[in-house]
Amino acid sequence: MDPDAVAKAFVEHYYATFDSNRPGLANLYQDGSMLTFEGQKIQGAQSIVAKLTSLPFQQCQHNITTVDCQPSGAGGMLVFVSGTLQLSGEQHALKFSQMFHLMPTQQGSFYVLNDIFRLNYA
Amino acid sequence: MEEQIDLVGKAFTDHYYHLFDNDRPALSSLYRPSSMLTFEGQKILGVEDITAKLTSLPFDQCQHVISTTDSQPSTFAGGIVVFVSGSLQLPGEEHHLRFSQMFHLVPIVEGNFFVQNDIFRLNYG
């Protein structure tokens, strides 16, 4: 299976879930997962989903500009994303970059082991 | 342990960009035959081709100014993922270029790492 296609499919699924069913992100993290969100470090699926569902906006839309991926070894995949984040009511979209380190699950899909998110300020 | 990861990540990136800005051919010491670089979407494999790419970029001098460095353990047997954002100043250019870059560092011996994965993107707009 083409790694680029897998990465793209994962990214689309991740942001579609984020934008329409944020609690559903719990399926994409496990206990060992780590998120660094604008410098704040969070560990474990529960705490990560609590953080993401408590962000100070109800609705948002991610628009993805670039997706780059590379195998990390031991079946893992590194994915590097850049794009914009449109919050409802805000005139200007926020630019962001995000990296995921995906690891395979026993069911043949992926979960997020490492997740680092940064806004790109002008 | 967490703080240690941050220190290692920052020390590595400081060293990396110092080499890039002062002795670009010496970057070859940080890559291996298995290393991968994706530079603005172009995929390059192995230390030789990666060094050739970086030393042939269309500018003689540059200066990286780092804004943020985030590190996490990758559980690849002591590996570390590092996410950097900053700006790149080219001589003669009035405006800095903003960029983001991620490294996956893999240990060789105690305290020494090489770059297994490297992805670089300019941030436009």
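Computed from a predicted model, the values in this text were never measured in an experiment. We name chains A, B, ... by the order of the sequence lines, and we start the count at 1 in each one.
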Salt bridge present between B/Lys10 and B/Asp70 (N-O < 4.0 angstrom):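 B/Asp70 and B/Lys10: not salt-bridged.
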Are B/Lys43 and A/Asp4 close enough for a salt bridge, meaning some N to O gap below 4.0 Å?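 A salt bridge is present here (some side-chain N lies under 4.0 Å from a carboxylate O).
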Quick one: do B/Leu105 and B/Leu37 end up in the same hydrophobic cluster if we chain Ile, Leu, Val, Met, Phe, Trp and Tyr together by side-chain heavy atoms under 4.5 Å apart?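 Same cluster: B/Leu105 reaches B/Leu37 through Ile, Leu, Val, Met, Phe, Trp or Tyr contacts under 4.5 Å.
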Do you know which of [options] has the most heavy-atom pairs under 4.5 Å to chain B?
{"options": "A/Arg118, A/His101, A/Gln98", "result": "A/Arg118"}
{"options": "A/Gly32, A/Gly76, A/Ser72", "result": "A/Ser72"}
{"options": "A/Thr65, A/Leu78, A/Leu113", "result": "A/Leu78"}

Is A/Leu119 close to chain B through its backbone or its side chain, or both, or neither, when contacts mean heavy atoms under 4.5 Å? neither
Determine whether a donor-acceptor pair (N or O, by modelled atom type, separation under 3.5 Å) exists between the side chain of A/Asn63 and the backbone of A/Gly83. no
The ring pair (Phe, Tyr, Trp, His ring centres under 6.0 Å) partners of A/Tyr29 (sequence neighbours excluded) come to none
Heavy atoms only, distances under 4.5 angstrom: which of B/Ala77, B/Ser74, B/Gly79, B/Ser85 has the most pairs with chain A? Name it, please.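 Max contact count across the listed options: B/Ser74.
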